[in-house]
**Student:** 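Following this message is one structure expressed as structure tokens.
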Amino acid sequence: MPRLSKKNPIDIAFSSVTAIASLSIVVFIIGILYVLFTQSALSINKFGIISFLTSTDWDPVRESFGAATTIFGTFVTTFFSLLIAIPVAIGIAIFVTEVSPNFLKGPIGMAIELLAAIPSIIYGMWGLFTLSPLMATYVEPALQTYLGDVPLIGMLFHGTPMGIDLFTASIILSIMIIPFTASISRDSFNLTPPIVKESAYALGATRWEVVKNVVLPYSKLGVFGGIVLSLGRALGETMAVAFVLGNKHQITTSLFDAAATITVTLANEFTEADTDIYLSSLFNLALVLFLISFVTLAIAKLFLLRAEKRYSR
Amino acid sequence: MNRQTVRKLRSIFALFLSSVAAFIGLFWLVFILGDVLIHGIKALNLSLFLEDPAPPGVEGGGLRNAFVGQIMITLFATIIGVPVGILGGTFLAEYARGTSIAKMISILSDIMVSVPSIVIGTFIYAILVKPLGHFNGWAGAVALAVIMIPVVLRTTEDMLSLVPWTVREAAFALGAPYYKVIVQVVYRGAATGILTGVILSIARVSGETAPLLFTSFNNAFFSTSMNEPIASLTVTVFQYAMGPYETWHAQAWAASFMMTVFILILTIFGRAVLKWRYKK
């Protein structure tokens, strides 16, 4: 570590400037927390913290607001999108590391990263104009006919399949978060020492057995970190979900119903908020989302750091 | 069928499933890009770039104000964000290398990269829009800069760390002060990497809509004043796609097509340069 004498005045100046620049990150985080807190003070004073989080009201006319409906929407879309995305992403990582011929590894890796580069508003538009009609005409009625009568799962598929609902939103969100888990998993899989895999092959294991019993347990931390990172990203997605979720504040048991997430509510209602308490409640929602995302991303980073430490032995 | 055959079949089946997964991923990519291509090219014409929007429901018109506005906002965001990011990354990789504060800022920066961009929009609204009393382009540019800074900072830090310490030692041995070592030796060595990081951050920020929704807002008219609401391509696509007019939908597709082409070219170019330069 360099302990260099900084007697040179230009060095002192340059190091101070760069130090201030790097501290901007800390300033942003503290600034965001402070601003969000002070702006939601009105709402916190009127509704209290616990009752705001558990209230299902969202009534601008009666000036009664609660975060329960939007938190529900956020969690449900995130949960189902992860449910769909994780197997696909890990499957892609296994394909790229084990199955694909060498010349395909680069292009397929690049293709998956392109999925991450596409702006979320493109996902939203495509979802609204292409995917929703397909969902409403073919997929959702089919799911309703085949799974609608199954005792517990059937409840998920009640209601009129309009295409603008939790189901479509979850699917679009899952496509968006596949690249994050896939590339981190692929990197983790590549870090398995070849000697460990070779000893498994020497014992007569099949390729899948090596993946299941050697590679996956070894890269647990990395894969988990990738999953939690996808979770953090999914929590904050706005535009992809805004087009196809319906923005209806309700808690529902059917995936074919419209709902609202915190991000979509902010996007649609922020500029429409006419009263101070309305705006303050929206800031309150933003604060809740920021705290949840921050903690989730911190956990993800923790896993990824542990994985890095474990693998660079 | 003995156990060995069963295990072999299980392996083939599992690997087949992983191929299906890869196919699914590629399928979505081709589906989405293909759709944008088909719908976008259909609606692409020269008036899109030369004319301002027509009144709602009236045929014709273009998105000149949105293209110009988007370029202006991105330009100012880059001017604000990139220097701060590069200087910050320099501090973490050079003056503070190995210290715990550098590790902390690095971790916080990684978290900031993935923080919801709409929350950043609300933050900037509270400090740059509410006090001024009106939406303005500067707020939009600053919001995008806040998103860019962590990205540029992290890539700069990574690229600078890749330059071997011995190169710096050689410069020190010649009597150079640290700042000269950084600016004339280390930056030169990491230039490709840092520049690529900047390009990738521009690609990321060009597609952002949420932070602009309540900072630069949108403008139906042509304006180059950053002190007022200014049109942006992304918010216009949002407005037009949600609108009821077919002409609006067509223009939204064309704008999305231009946006996607721009961002994909930047991303592919950036990643190709990184691979060429750093995987020798």
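On a predicted model such as this, the values are computed, not experimentally measured, just so you know. Here is how names work: the chains are called A, B, and so on, in the same order as the sequence lines, proteins then strands, and each is numbered from 1.
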**Student:** Let's test your reading of the structure: which of B/L15, B/I118, B/I32 forms the most heavy-atom pairs below 4.5 Å with chain A?
**Tutor:**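 Counting heavy-atom pairs under 4.5 Å, the top option is B/I32.
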**Student:** Based on non-hydrogen pairs under 4.5 Å, which of A/F294, A/F243, A/Y123, A/F290 is most in contact with chain B?
**Tutor:**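 Option with the greatest count: A/F243.
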**Student:** Identify all side-chain donor-acceptor contacts of residues 200-214 of chain B below 3.5 Å with residues at least two apart in sequence or on another chain.
**Tutor:**
unit_1 : atom_1 : unit_2 : atom_2 : d
B/S201 : OG     : B/V198 : O      : 2.7
B/R204 : NH1    : B/V113 : O      : 3.4
B/R204 : NH2    : B/V113 : O      : 3.1
B/S206 : OG     : B/I202 : O      : 2.6
B/E208 : OE1    : B/S117 : OG     : 3.0

**Student:** Between A/S43 and A/N284, is there a side-chain donor-acceptor contact under 3.5 Å, judged purely by atom types and distance?
**Tutor:**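 Indeed, the side chains of A/N284 and A/S43 share at least one donor-acceptor pair under 3.5 Å.
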**Student:** Identify which one of A/F270, A/Y278, A/F37 satisfies the ring pair (Phe, Tyr, Trp, His ring centres under 6.0 Å) criterion when paired with A/F283.
**Tutor:**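 Result for ring pair (Phe, Tyr, Trp, His ring centres under 6.0 Å) with A/F283: A/F270.
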**Student:** Hey, can you pull the donor-acceptor pairs under 3.5 Å for the side chains in residues 85-92 of chain A, sequence neighbours left out?
**Tutor:**
none

**Student:** Please identify, among B/V36, B/V146, B/L264, B/L92, the residue contributing the most non-hydrogen atom pairs under 4.5 Å to chain A.
**Tutor:**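 Greatest number of close heavy-atom pairs with chain A: B/V146.
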**Student:** With a 4.5 angstrom heavy-atom cut-off, which part of A/L279 approaches chain B: side chain, backbone, both or neither?
**Tutor:**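 Answer is side chain: those atoms of A/L279 sit under 4.5 Å from chain B.
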**Student:** So which of A/I94, A/L128, A/T130, A/T238 has the largest heavy-atom pair count under 4.5 angstrom toward chain B?
**Tutor:**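 Most heavy-atom pairs under 4.5 Å with chain B: A/T130.
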**Student:** I'd like to know which of B/T90, B/L17, B/D35 tops the heavy-atom pair count under 4.5 Å against chain A.
**Tutor:**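 Counting heavy-atom pairs under 4.5 Å, the top option is B/D35.
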**Student:** Classify the side-chain pair A/T206/B/R10 by whether it contains a donor and acceptor separated by less than 3.5 Å.
**Tutor:**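 Short answer, no.
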**Student:** For the interface with chain A, which of B/I24, B/I263, B/D110 has the highest count of heavy-atom pairs at distances below 4.5 Å?
**Tutor:**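 Among B/I24, B/I263, B/D110, the one with the most close pairs to chain A is B/D110.
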**Student:** Mind checking which of residues 172-183 of chain A sit less than 4.5 Å from chain B, heavy atom to heavy atom?
**Tutor:**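 Those residues of residues 172-183 of chain A which have a heavy atom under 4.5 Å from chain B are A/I175.
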**Student:** With a 6.0 Å cut-off on ring centres, are B/F31 and A/W126 close enough?
**Tutor:**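 Yes, the ring of B/F31 comes within the 6.0 Å limit of the ring of A/W126, centre to centre.
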**Student:** Where does A/L115 contact chain B at under 4.5 Å (heavy atoms): side chain, backbone, both or neither?
**Tutor:**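 Both parts, backbone and side chain.
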**Student:** Looking only at side chains, do B/Y178 and A/S15 share a donor and an acceptor under 3.5 Å apart?
**Tutor:**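 No donor-acceptor contact under 3.5 Å links the two side chains.
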**Student:** Using a cut-off of under 4.5 Å for heavy-atom pairs, which of A/G232, A/S24, A/G31 has the most such pairs with chain B?
**Tutor:**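 Counting heavy-atom pairs under 4.5 Å, the top option is A/G31.
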**Student:** How about B/S11 and A/R207: does a side-chain donor come under 3.5 Å of a side-chain acceptor?
**Tutor:**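 Short answer, no.
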**Student:** Quick one: which of A/A21, A/G236, A/P119 has the most heavy-atom pairs under 4.5 Å with chain B, could you say?
**Tutor:**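 If we count pairs closer than 4.5 Å to chain B, A/A21 comes out on top.
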**Student:** Using only non-hydrogen atoms and a strict under-4.5 angstrom cutoff, which residues of residues 233-240 of chain B touch chain A?
**Tutor:**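 Only B/T234, B/V237, B/F238 of residues 233-240 of chain B have a heavy atom under 4.5 Å from chain A.
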